[in-house]
Visitor: 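Following this message is one structure expressed as structure tokens.
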Amino acid sequence: MTEAKQGKRYSVGIDLGTTHCVLASVDLQHSEGEKTTYQVLPIPQLYNPGVVESDSQLPSFVYQAHPDELPEDDLVLPWSDSPQSIVGVIARQLGSKTPIRLVASAKSWLCHTGVDCRNAILPVNAPEEVQRISPFDATVDFLEHLRDAWNDENKEHPLDQQDLVITVPASFDPAARELTADAARQVGLGHAVLLEEPQSALYSWIQQTSGSWRDQVNIGDVILVIDVGGGTTDLSLISVTEEEGNLLLDRIAVGEHILLGGDNMDLALAYTVKAKLEAEGKQLEMWQIQALTHACRDAKEYLFNDETIEDVPLVVPSRGSSLIGGTLRSNLTREEVSQVLVDGFLPFVEVTEVPANQARTGLTTIALPYAHDARITAHLANFLSRQQVAATESGIELPDNARFLHPTAVLFNGGVFKSEAICERLMAVLNQWLDAEQAQPARILSGADCDLAVAKGGAYYGYVRQGHGVRIRGGTAASYYIGVESAMPAIPGMPAPLQALCIAPFGMEEGTSADLPPYECGVIVGERVRFRFFSSTVRRDDRVGVRLEHWPQGELEELDEIDVILPEEGHIAGEVVPVTLVAAVTETGTLQLDAVATQGDKRWKIEYDVRAGDDASDIDLTEHASNEKEGDSASDNDSDNPGKMLG
């Protein structure tokens, strides 16, 4: 019996974008393989106080209104007379006038390693009277609105009873993935599966071709998926191979997490307009620059969506006529957008270029850790240069003089690629690199839907998971390691050497687990300890159980520590318990590590479920016996053991 017959009528894909959310679906009872069509849900939302309209996109903004700002009657939605949060178009519009109350880029905050994403920190720098929420809570707000919109339209097929795929950046670390999955659980959608956004975009392209995608790609092709969204630049490589006469797609490489996207572009445009106003003798305060940034984002979208528009008027709010002469007016032209975005973010660089990384100062404000180098082409050059090992491992032949992996086709995704000038520049840069090495120019895979592709691809992926159509083979986007502190006598001024133990290799498939080779290490129980984790997108040969004593600089990136207290349960606080390790990638795409006692039936589950923080109540760490009986949690202990897993 198929899942559709068991009550799952639809496969649903949700794109939780930095600037927009989209929900699409495939009817599992009326599907036709790669010719299957899908629907994008028109999402009801407030456009103005008391005015509800529907749109295919839900702007990813939350507005923290003053208690007396909006009457309750003005916030009524089709499914609720008193919604808990103000999201969507009205949030974006109100926030453009009062930016100190606007929560934006929550998705980017989810992968910020320097903050606890469950703490109420947004809007950043808002005055005390503005109620703050956490990035996690904002994600819950978006999912709740999407869930309610779906359920209102599909009362007989509620979302918690359908196949559900939520997309995330390929470069999301395990903690950000787990936070996304937990937000889904919070609104009753714990069955959701996570899918990388570049893969989702390619799934959408496959479906959009109605089966003719095989005529556009050939065996040996390497598809470069460039996804520049509101907050991130995601780079992936997918190879086209053959097995038993059938074309196969393998995701062979994923770039590092680059916090660089539409948000940066909007800010760059805002400072362009700011310079024009200052040339007229008009000065802007910081809150006005924030408002101008939101206005430039809207203007950029108008120019991208309508090639006939040459300029968009801008209005900068003020607090009264006594302030720099009242309301300020300016405009943003198509020429300015092209010059700032194309020349600023996509300059011609050599393929050997490495992104600049400026030294950090001792004091800094709490803000998103944007990439220091805004040149997307420099990040692309660095990515392709570092992935030559992926070509060797995947059987892709490169000439002896090759300095980078040669893509043969490009798929664009993300709203910025609605600009023809941006697409043309990026292809010109890439093909200049290829021409210098006598390689064939790369071609664009046509027919992509830059705004809706990710949600559509997520819905189609749910259909593919049932055994229909071609599936992109991927697994984990990086190799993952846990830090193991060597047992050695103390030496003054020298920390104990740290080794990196591979717990999950690159490409480890969802729903699989791996016992580490017989290797006994120890965990400290009953005291707070910190586990250190690392990842690598370039070490592709390391297998489970490999221990690294040394590694070249830049090959391993340290992730968040996990600060936990392992219940002692039958042991003495501070005791080192001998364990073996078992790593697993869950069906939802999150990473899990179990420490299994070598004697007895104790088992500690160590999940990447939180950012490192001081509040132990934020830790969802469970200890369970093999017979599934839960143990009692140990009491909090003030000791703070910075130790790693001991070897």
Side-chain angles (χ1 to χ4, degrees), residues 170-171 196-199 201-203 205-206 209 213-227 233-256 350-354 377 379-413 426-427 429-446 448 470-479 505-509 535-543 552 554-555:
S171 52
E196 297 171 9
E197 289 167 3
Q199 285 192 48
L202 189 58
Y203 275 121
W205 175 77
I206 289 172
T209 65
W213 67 273
R214 294 174 180 82
D215 299 328
Q216 297 191 45
V217 297
N218 304 300
I219 297 170
D221 270 339
V222 178
I223 302 171
L224 169 64
V225 183
I226 307 178
D227 185 352
T233 292
D234 239 356
L235 305 171
S236 290
L237 291 167
I238 297 172
S239 69
V240 182
T241 59
E242 181 186 28
E243 187 174 283
E244 297 180 356
N246 297 316
L247 288 182
L248 297 178
L249 299 172
D250 287 318
R251 195 262 284 116
I252 60 174
V254 170
E256 297 177 353
E350 293 296 323
V351 75
T352 53
E353 188 76 14
V354 177
T377 44
H379 291 282
L380 176 60
N382 188 48
F383 168 65
L384 293 176
S385 298
R386 287 166 58 90
Q387 293 302 335
Q388 289 190 72
V389 63
T392 303
E393 196 173 273
S394 304
I396 299 169
E397 293 186 6
L398 293 175
D400 294 338
N401 66 335
R403 295 174 294 172
F404 68 103
L405 191 150
H406 296 170
T408 58
V410 176
L411 180 68
F412 290 121
N413 188 57
L426 202 147
M427 291 302 297
V429 173
L430 175 61
N431 284 328
Q432 184 183 71
W433 297 339
L434 291 168
D435 182 64
E437 299 192 354
Q438 292 79 51
Q440 291 294 317
R443 62 192 185 279
I444 297 178
L445 298 181
S446 59
V470 64
R471 183 168 182 174
I472 302 170
R473 298 186 299 195
T476 55
S479 300
F506 181 93
M508 186 172 176
E509 294 285 350
S535 70
S536 175
T537 58
V538 295
R539 293 191 66 95
R540 304 165 58 89
D541 294 330
D542 292 342
R543 303 271 69 92
E555 281 199 355

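Since the model is a prediction, treat every value here as computed from it, not as a measurement. Along the sequence shown, residues are numbered consecutively beginning with 1.
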Visitor: Less than 3.5 Å apart, which donor and acceptor atoms pair up between the side chains of residues 215-223 and the rest of the protein, not counting sequence neighbours?
Guide:
from	atom 1	to	atom 2	distance (Å)
Asp221	OD1	Thr408	OG1	2.8
Asp221	OD2	Asn218	N	2.7
Asp221	OD2	Arg443	NH2	2.5

Visitor: Rounded to the nearest 0.5 Å, how far does CG of Leu248 lie from CD of Glu242?
Guide: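 It comes to 8.5 Å.
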
Visitor: Can a donor-acceptor pair be found, under 3.5 Å and without considering hydrogens, that links the side chain of Trp205 to the backbone of Ser446?
Guide: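 Yes, Trp205 side chain to Ser446 backbone: donor-acceptor pair under 3.5 Å.
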
Visitor: Are the side chains of Leu434 and Pro441 in contact, using a 4.5 Å heavy-atom criterion?
Guide: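 The answer is no, as the side chains (C-beta and beyond) never meet within the 4.5 Å cut-off.
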
Visitor: Could you pull out all residues at least two apart from His379 that satisfy ring pair (Phe, Tyr, Trp, His ring centres under 6.0 Å)?
Guide: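 Ring pair (Phe, Tyr, Trp, His ring centres under 6.0 Å) list for His379, sorted by chain: empty.
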
Visitor: In chain order, what residues pass the side chain to side chain donor-acceptor pair (under 3.5 Å) check against Asp542, with sequence neighbours excluded?
Guide: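 Asp542 satisfies side chain to side chain donor-acceptor pair (under 3.5 Å) with Tyr481, Arg539 once adjacent residues are dropped.
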
Visitor: Is there a side-chain contact between Ser385 and Thr352 (heavy atoms, below 4.5 Å)?
Guide: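 The answer is no, as the side chains (C-beta and beyond) never meet within the 4.5 Å cut-off.
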
Visitor: Leu224 versus Phe383: any side-chain heavy-atom pair under 4.5 Å?
Guide: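 Touching, per the 4.5 Å side-chain cut-off.
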
Visitor: Side-chain contact test, heavy atoms from C-beta onward, threshold under 4.5 Å: evaluate it for Leu202 versus Leu411 and give yes or no.
Guide: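 SC-SC contact between Leu202 and Leu411 confirmed.
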
Visitor: Can you list the residues that meet the side chain to side chain contact (heavy atoms under 4.5 Å, CB included) rule with Thr476, with sequence neighbours excluded?
Guide: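 Testing Thr476 for side chain to side chain contact (heavy atoms under 4.5 Å, CB included), a comparison that skips the adjacent residues, returns Tyr480, Met508, Val585.
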
Visitor: If you look only at pairs with a residue in residues 394-403, which of them pass as a salt bridge (Lys or Arg N to Asp or Glu O under 4.0 Å), with sequence neighbours excluded?
Guide: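 Counting only pairs at least two positions apart or across chains, the salt bridge (Lys or Arg N to Asp or Glu O under 4.0 Å) contacts touching residues 394-403 are Arg403-Glu437.
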
Visitor: Is the shortest heavy-atom distance from the side chain of Gln387 to the side chain of Val538 under 4.5 Å?
Guide: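 Sidechains of Val538 and Gln387: in contact.
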
Visitor: Taking only residues two or more places apart in sequence or in another chain, which ones pass ring pair (Phe, Tyr, Trp, His ring centres under 6.0 Å) with Phe506?
Guide: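 None.
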
Visitor: Using side-chain heavy atoms (C-beta onward) and a distance below 4.5 Å, is His406 in contact with Ile396?
Guide: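 In short, these two side chains do not touch, never coming nearer than 4.5 Å.
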
Visitor: Does Gln440 CD have over 12 foreign heavy atoms under 6.0 Å away?
Guide: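 Atom CD in Gln440 is not crowded, with 12 or fewer foreign heavy atoms closer than 6.0 Å.
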
